[in-house]
Amino acid sequence: MVKFLLLALAFGLAHAEIEGRWDTIAIAADNVDKIVEEGPLRLYVRELTCNEGCNELEITFYVNANGQCSKTKITGYMQEDGKYRTQFEGDVRFKSVHATPDNIVFISKNVDRAGRTTNLIYVVGKGQPLTPEQYEKLEEFAKEQNIPTENIQNVLATDTCPQ
């Protein structure tokens with residue numbers, strides 16, 4: 001069986017695979033307080049747009065704080081190491097590590113304004129929950145990223161923000 005990480009597509013994602021309408025399916029983080037309901041990094045993704053040959057990746061998402069959904073758009077700029085960099089709740093670096101027509105898996109590192117580092121996994125998809133097999137692969141991947149499996153959050157079920 002091919003290891004999950006060997007499926008990585010860090011560079012050259014086809015625009016058709018990454019661009020378009022997406023929903024956050026699941027999030028995992030080593031600092032679970034950042035991704036619990038109403039946590040600052042619990043992002044409800046809506047759209048991904050590649051610009052400049054995918055050297056810029058625009059992400060439109062909502063954050064739900066105090067029962068209010070706030071729409072946000074950020075632009076990640078491709079760095080020499082192949083990761084995108086942007087500012088949101090501190091310094092953020094992220095990259096896609098797996099993409100299919102139905103799901104994209106991103107890893108991300110956030111360093112907040114207080115200097116606290118959080119390692120994250122975001123799974124976006126086309127509105128369907130993960131299958132048991134996909135969830136098992138996510139658990140394996142979380143372990144490889146030193147993120148406790150109990151920190152995996154099913155985000156799709158709690159998404160009440162506008163589509």
**Message:** Using a strict threshold of under 4.0 Å (side-chain N to carboxylate O), is an ion pair present between Asp23 and Lys126?
**Reply:** no
**Listed once per pair and sorted, the disulfide (SG to SG under 2.5 Å) pairs that draw on residues 104-135, sequence neighbours left out** = none
**Request:** Determine the minimum heavy-atom distance between Cys50 and Leu57, stating which atoms define it.
**Result:** SG-CD1, 4.0 Å
**Prompt:** Taking side chain as C-beta onward, heavy atoms only, is Ile104 less than 4.5 Å from Trp22?
**Reply:** yes
**Those residues that, when tested against Glu37, pass side chain to side chain contact (heavy atoms under 4.5 Å, CB included) (two or more places apart)** = Arg42, Thr158
**Asked** Can you pull the disulfide (SG to SG under 2.5 Å) pairs that have at least one residue in residues 87-163, sequence neighbours excluded?
**Response** Cys69-Cys161
**Least distance between heavy atoms, Ile152 atom then Ala142 atom** = CD1-CB, 4.3 Å
**Asked** Which residues pass the side-chain hydrogen bond (donor to acceptor under 3.5 Å, both in side chains) test with Thr160, sequence neighbours left out?
**Response** none
**Message:** Any heavy-atom pair between the side chains of Leu130 and Leu138 that's under 4.5 Å?
**Reply:** yes
**Fill in**
For residues 64-77, the side-chain hydrogen bond (donor to acceptor under 3.5 Å, both in side chains) pairs (sequence neighbours left out) are none
**Candidate list Tyr44, Tyr122, Phe88, test ring-ring contact (aromatic ring centres under 6.0 Å, His included), partner Phe61, passing option** = Phe88
**Smallest separation among heavy atoms of Leu156 and Gly127, with atom names** = CD2-O, 3.5 Å
**Request:** Give the C-alpha distance, both sets of side-chain angles, the deciding distance and a yes or no for side-chain contact (heavy atoms from CB on, under 4.5 Å) between Leu48 and Glu58.
**Result:** CA-CA 6 Å; Leu48 302 176; Glu58 280 184 359; over 6 Å; no
**Request:** May I have the step-by-step check of side-chain contact (heavy atoms from CB on, under 4.5 Å) for Ile121 and Ile147, ending in yes or no?
**Result:** CA-CA 9 Å; Ile121 300 169; Ile147 295 174; 3.9 Å; yes
**Prompt:** Under the side chain to side chain contact (heavy atoms under 4.5 Å, CB included) test, which residues partner Thr86, sequence neighbours left out?
**Reply:** Ile74, Val92, Phe94
**Pairs flagged by disulfide (SG to SG under 2.5 Å) wherever residues 83-118 is involved - sequence neighbours left out** = none
**Request:** Could I get the full list of side-chain hydrogen bond (donor to acceptor under 3.5 Å, both in side chains) partners for Glu150, not counting sequence neighbours?
**Result:** none
**Request:** Could you tell me whether the side chain of Glu140 reaches within less than 4.5 Å of the side chain of Thr149, counting heavy atoms only?
**Result:** no
**Request:** Let me see the working for Glu89 and Leu41 under side-chain contact (heavy atoms from CB on, under 4.5 Å), right down to the final yes or no.
**Result:** CA-CA 8 Å; Glu89 293 291 324; Leu41 298 177; 3.9 Å; yes
**Message:** Going by side-chain hydrogen bond (donor to acceptor under 3.5 Å, both in side chains), name the pairs with one or both residues in residues 109-119, residues two or more places apart or in two chains.
**Reply:** Asp30-Asn119, Asn31-Arg116, Asn31-Thr118, Asp33-Arg116, Lys34-Asp112
**Prompt:** Between Asn103 and Thr100, is there a donor-acceptor pair closer than 3.5 Å when you use the side chain of the first and the backbone of the second?
**Reply:** no
**Prompt:** Under a 4.5 Å cut-off applied to non-hydrogen side-chain atoms, are Phe141 and Ile107 in contact?
**Reply:** yes
**Item:** Residues that Val32 engages under side chain to side chain contact (heavy atoms under 4.5 Å, CB included), provided they are two or more places apart
**Value:** Ile35, Val36, Asn151, Gln153
**Request:** Please collect all salt bridge (Lys or Arg N to Asp or Glu O under 4.0 Å) contacts where either partner lies in residues 154-163, sequence neighbours excluded, each pair once.
**Result:** Arg46-Asp159
**Request:** Walk me through it: do Arg93 and Arg85 pass the test side-chain contact (heavy atoms from CB on, under 4.5 Å)?
**Result:** CA-CA 4 Å; Arg93 293 176 185 264; Arg85 186 173 188 185; 2.9 Å; yes
**Contact summary for Thr24 and Val45, nearest pair of heavy atoms** = OG1-N, 2.7 Å
**Prompt:** Please, which pairs that meet disulfide (SG to SG under 2.5 Å) have at least one residue in residues 71-138, sequence neighbours excluded?
**Reply:** none
**Complete:** To the nearest 0.5 Å, atom CE of Met78 lies from atom SG of Cys54 at 7.0 Å
